[in-house]
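Just so it is clear, the structure is predicted and the values come from calculations on it, not from any experiment.
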Amino acid sequence: MCYLVRMGIPVLLFASYADAFGAPQVDVPIAAPCQVRALVDAMRALPGGVRLPSSPLVAVNRTWAASTTTIAVGDEVALIPPVAGG
Amino acid sequence: MCYLVRMGIPVLLFASYADAFGAPQVDVPIAAPCQVRALVDAMRALPGGVRLPSSPLVAVNRTWAASTTTIAVGDEVALIPPVAGG
Amino acid sequence: MRWRSFHQSPVGDALGAPRYAAIVDRPIDVAALIARVSDDGVGAVSVFLGTVRDINDGRAVTGIDYSAYRPMAESEMMAIAGEVCQTTPGLRIAIEHRVGTLAVSEVSVAIATSHARRTPALDAARLVIEALKVRVPIWKNEHYVDGDRAWVDPTGAQGLRI
Amino acid sequence: MRWRSFHQSPVGDALGAPRYAAIVDRPIDVAALIARVSDDGVGAVSVFLGTVRDINDGRAVTGIDYSAYRPMAESEMMAIAGEVCQTTPGLRIAIEHRVGTLAVSEVSVAIATSHARRTPALDAARLVIEALKVRVPIWKNEHYVDGDRAWVDPTGAQGLRI
């Protein structure tokens, strides 16, 4: 048997951010629990991460999160590009 | 041959005013040209006319008229109850 | 004696703004009205519908007879559309008001406005319904559950003397 | 680093206000959406439609790909509906936003609000579209006549660094 051990926090990506990272999801090499701001900082080191704006919006469990929000193991995390609905 | 000679100004009536005068139109015994206010005063002497409010709205040729608007021979005159569209 | 005066506007003005107004005696086709203000340059459509409610001023209503001074009602609605179109270039406005006997929940009036941007479209629908309620010669006779009927007088003070 | 905070509202609040929100991948049925806010006690319905325009920021547009973070978009739209419903008792709100590739003049979003009176219905539709545009995770990729495509960033400042 083969176990795939996920070594970080999976982060959902959409629209321009998915384009920047070249994928709809990335595993960010940081251990949960951690704060949102630490996750974002860790993402800047990933390929494409330098293109992130200074304060990207983040959702945790489908709710808008603050920079100080704590991400727990198993949380659904998403990096949200500027929205343009309507 | 028989000619019907109309001896006044025909005035269109609607809704509660048609109810008050018992007809959708009355011939008001006043000679044109005259002012709107004189027409309304003459209407108060007609059966049902005492029920008119102090300042009923009047339209002349399908346009809102002032008390001083002059009614000419052949004008389309209407007495307009409080409107309630929508 | 006090008289109210109303702002008059040219119905056939040179603006050429797409606008439409009609009194109809059949159910209003809302989709068709929306189609009248649609265009490739439109980014926002605002629609207002007036419907017959089952309670008015605390009385149970079973239906409403709407009547109008039809030619003047149509020209006043066109005038309102023209005046509102003049507030912002690019507005399109379509209005239909129904007459006859309407049951509870039926649509009595429909206003569709459109513009490239949402704010002018939203503002226009509101301006039209507010103006329509004060200056278009249309009347309603409410039917109540107890069999009584009454002319609705939103002004309160200007109705018939009893 | 500055972070924006958003007002959170209970989605399943005790108010029980009739409200509905969905992301759909087929053409929006406006009549069906209006039916969701209809009721015998309703006297006014306000509908807002967002449509794809042929020109944006001076560029000729041939279509838009809409995408969404679907579960969050739906819960945010429900939250908006709930918050707006709490401003005035008796409001009913239904929202649908379409995703996928839309051609010019197609409806991308439809909002239907209703109330016994017109002012709450009109106010509610405006509040919903304004809130939707700033806090619901939906994106659009515009297709231009010259073959170019671009993500639309209404904020201007928060997009990707080139």
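In this structure, C:Tyr66 contributes its side chain and B:Ala84 its backbone to no donor-acceptor pair below 3.5 Å. Side-chain atoms of C:Trp151 do not come within 3.5 Å of backbone N or O of B:Pro81 as any donor-acceptor pair.
For the options B:Ala20, B:Gly85, B:Ala59, heavy-atom pairs under 4.5 Å to chain C are most numerous at B:Gly85.
The shortest side-chain heavy-atom distance between C:Tyr69 and B:Leu79 does not fall under the 4.5 Å cut-off. B:Phe14 has its side chain out of reach of C:Pro137: every pair of non-hydrogen atoms, C-beta onward, lies at least 4.5 Å apart.
Atom CG of B:Leu57 and atom OG1 of C:Thr155 lie 8.5 Å apart (nearest 0.5 Å).
Counting heavy atoms of neighbouring residues, nucleotides and ligands inside a 6.0 Å radius, atom CZ of C:Arg59 exceeds 12 of them.
Interface remark: C:Ala68 contributes backbone atoms only to the contact with chain B (heavy atom separation under 4.5 Å). In this structure, the portions of C:Val152 lying under 4.5 Å from any heavy atom of chain B include both its backbone and its side chain. Residue B:Asp19 touches chain C through its side chain alone, counting heavy-atom pairs closer than 4.5 Å.
The minimum heavy-atom distance linking C:Met72 with B:Arg62 is given by the pair CG-O, 3.3 Å. Minimum interatomic distance between B:Pro82 and C:Trp139 (heavy atoms only, all atoms of both residues): O-CD1, 3.1 Å.
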